[in-house]
Amino acid sequence: MNQRARIAMSDDEVASFLAASRKLQLGTINPDGTPHMVTMFYGLQDGRITFWTYAKAQKALNIRRDARVSCLIEAGDDYTELRGVLTYGIAHLIDDRDGVLRVGMSVARRMAGMPDSEELLSEYVAHTGRKRVAFVVEPTRVISWDHRKLATPIQSG
């Protein structure tokens with residue numbers, strides 16, 4: 001087994017990692033072809049990454065022109081602790097008010113670390129959501145790694 005295959009996460013491990021994390025590095029494509037990178041809080045919808053932003057933000061403008069994105073979620077400080085998921089995908093616009101607010105609530109719950117705080121967050125989301133759009137990322141390719149697996153001996157089958 002090569003080292004790349006050895007450190008890859010299973011689908012369940014990827015899902016758990018995404019559910020436990022809160023921030024991602026979002027990559028979009030600027031008009032001149034250069035990458036535009038920003039850190040974002042994100043939510044999940046049916047296992048897919050969602051995020052919201054102001055409609056006039058550079059990332060939103062970039063996605064409307066070219067919907068290809070990359071989403072990097074990572075953890076760990078030392079080499080033997082590094083874990084991450086890199087999702088390449090197509091960002092689909094959500095601009096209906098209910099959809100934007102649904103994504104906004106998902107993001108806000110995770111951002112605040114309060115998964116059950118509907119009342120406390122709904123006013124903030126409703127107010128902020130007036131000028132926002134949301135996106136859901138349809139994955140085209142997912143790459144993962146968990147360097148903690150390097151310390152685990154390979155099991156022979």
Side-chain angles (χ1 to χ4, degrees), residues 2-76 81-115 117-118 121-122 124-149:
N2 71 34
Q3 186 161 306
R4 175 78 200 110
R6 185 173 168 204
I7 64 172
M9 293 184 199
S10 68
D11 291 346
D12 286 344
E13 289 170 326
V14 167
S16 293
F17 184 74
L18 293 179
S21 300
R22 300 182 332 155
K23 294 184 292 185
L24 60 78
Q25 270 64 176
L26 173 68
T28 62
I29 303 167
N30 281 319
D32 66 359
T34 59
H36 179 262
M37 300 294 299
V38 293
T39 301
M40 306 274 305
F41 287 99
Y42 70 94
L44 293 171
Q45 180 179 42
D46 301 324
R48 295 179 297 169
I49 293 168
T50 61
F51 57 91
W52 71 338
T53 186
Y54 290 103
K56 294 182 179 182
Q58 186 63 52
K59 59 192 149 296
L61 299 174
N62 287 348
I63 292 169
R64 285 184 168 154
R65 188 181 18 74
D66 186 336
R68 294 176 297 166
V69 297
S70 59
C71 302
L72 172 65
I73 298 110
E74 60 178 351
E81 300 171 347
L82 296 178
R83 295 176 293 146
V85 173
L86 173 58
T87 300
Y88 293 102
I90 304 299
H92 297 283
L93 176 67
I94 300 169
D95 58 1
D96 67 280
R97 180 134 176 94
D98 289 342
V100 171
L101 295 180
R102 201 168 24 258
V103 168
M105 283 302 294
S106 175
V107 171
R109 280 187 212 105
R110 294 163 63 89
M111 186 174 82
M114 303 183 325
S117 324
E118 206 76 17
L121 298 175
S122 60
Y124 161 77
V125 169
H127 176 73
T128 308
R130 291 178 297 158
K131 295 182 180 181
R132 291 188 182 237
V133 293
F135 296 92
V136 60
V137 177
E138 189 64 45
T140 56
R141 182 174 177 209
V142 177
I143 301 168
S144 66
W145 58 93
D146 185 346
H147 286 195
R148 299 174 306 173
K149 294 180 178 187

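- The shortest non-hydrogen separation linking N30 to P35 is ND2-O, 3.5 Å.
- Summarising the geometry of K59 relative to L26, their closest heavy-atom pair is CD-CD2, 3.9 Å, with the distance given to 0.1 Å.
- One distance of note links CD1 of I94 with CH2 of W52; it measures 12.0 Å at 0.5 Å rounding.
- The minimum heavy-atom distance linking S106 with G43 is given by the pair OG-CA, 3.3 Å.
- Counting only heavy atoms from C-beta outward, the side chains of R83 and D146 approach each other to under 4.5 Å.
- Remark: I7 CD1 to H147 NE2 distance equals 4.0 Å, nearest 0.5 Å.
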Working for side chain to side chain contact (heavy atoms under 4.5 Å, CB included), residues Y88 and I143: CA-CA 8 Å; Y88 293 102; I143 301 168; 3.8 Å; yes
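- When all heavy atoms of M37 and Q25 are compared, the pair lying nearest together is CE-CB, 4.1 Å.
- There is a side-chain donor-acceptor pair under 3.5 Å between R110 and Y42.
- Heavy atoms from other residues, nucleotides or ligands lying under 6.0 Å from CZ of R97 number more than 12.
- Counting heavy atoms from C-beta on, the side chains of R64 and V133 come closer than 4.5 Å.
- To the nearest 0.5 Å, atoms CZ (R141) and OG1 (T87) are separated by 11.0 Å.
- By the 4.5 Å heavy-atom criterion applied to side chains, H36 and P31 are not counted as neighbours.
- When only modelled atom types and interatomic distance are considered, D32 and T34 share a side-chain donor-acceptor pair under 3.5 Å.
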Stepwise side chain to side chain contact (heavy atoms under 4.5 Å, CB included) test for L101 and M105: CA-CA 6 Å; L101 295 180; M105 283 302 294; 5.5 Å; no
Check against side chain to side chain contact (heavy atoms under 4.5 Å, CB included), I63 and V69: CA-CA 8 Å; I63 292 169; V69 297; 3.9 Å; yes
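- Between the CE atom of M40 and the CD1 atom of I73 there is a distance of 11.5 Å, given to the nearest 0.5 Å.
- Taking each heavy atom of L61 and A55 in turn, the nearest pair found is CD2-O, 4.2 Å.
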Derivation of the side chain to side chain contact (heavy atoms under 4.5 Å, CB included) call for F135 and T50: CA-CA 6 Å; F135 296 92; T50 61; over 6 Å; no
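- Counting only distance, with no hydrogens or angles, the side chain of R65 and the backbone of I29 share a donor-acceptor pair below 3.5 Å.
- Taken from OG1 in T39 to CG in L24, the straight-line distance is 8.0 Å, to the nearest 0.5 Å.
- Nearest heavy-atom pair across S70 and L86 is CB-CD1, 4.2 Å.
- Between the side chain of S144 and the main chain of M9, a donor-acceptor pair closer than 3.5 Å is present.
- In this structure, the side chain of S21 engages the main chain of F17 through a donor-acceptor pair within 3.5 Å.
- A donor-acceptor contact shorter than 3.5 Å links the side chain of K149 to the backbone of A8.
- The line from NZ of K23 to CG of L72 is 12.0 Å long, rounded to the nearest 0.5 Å.
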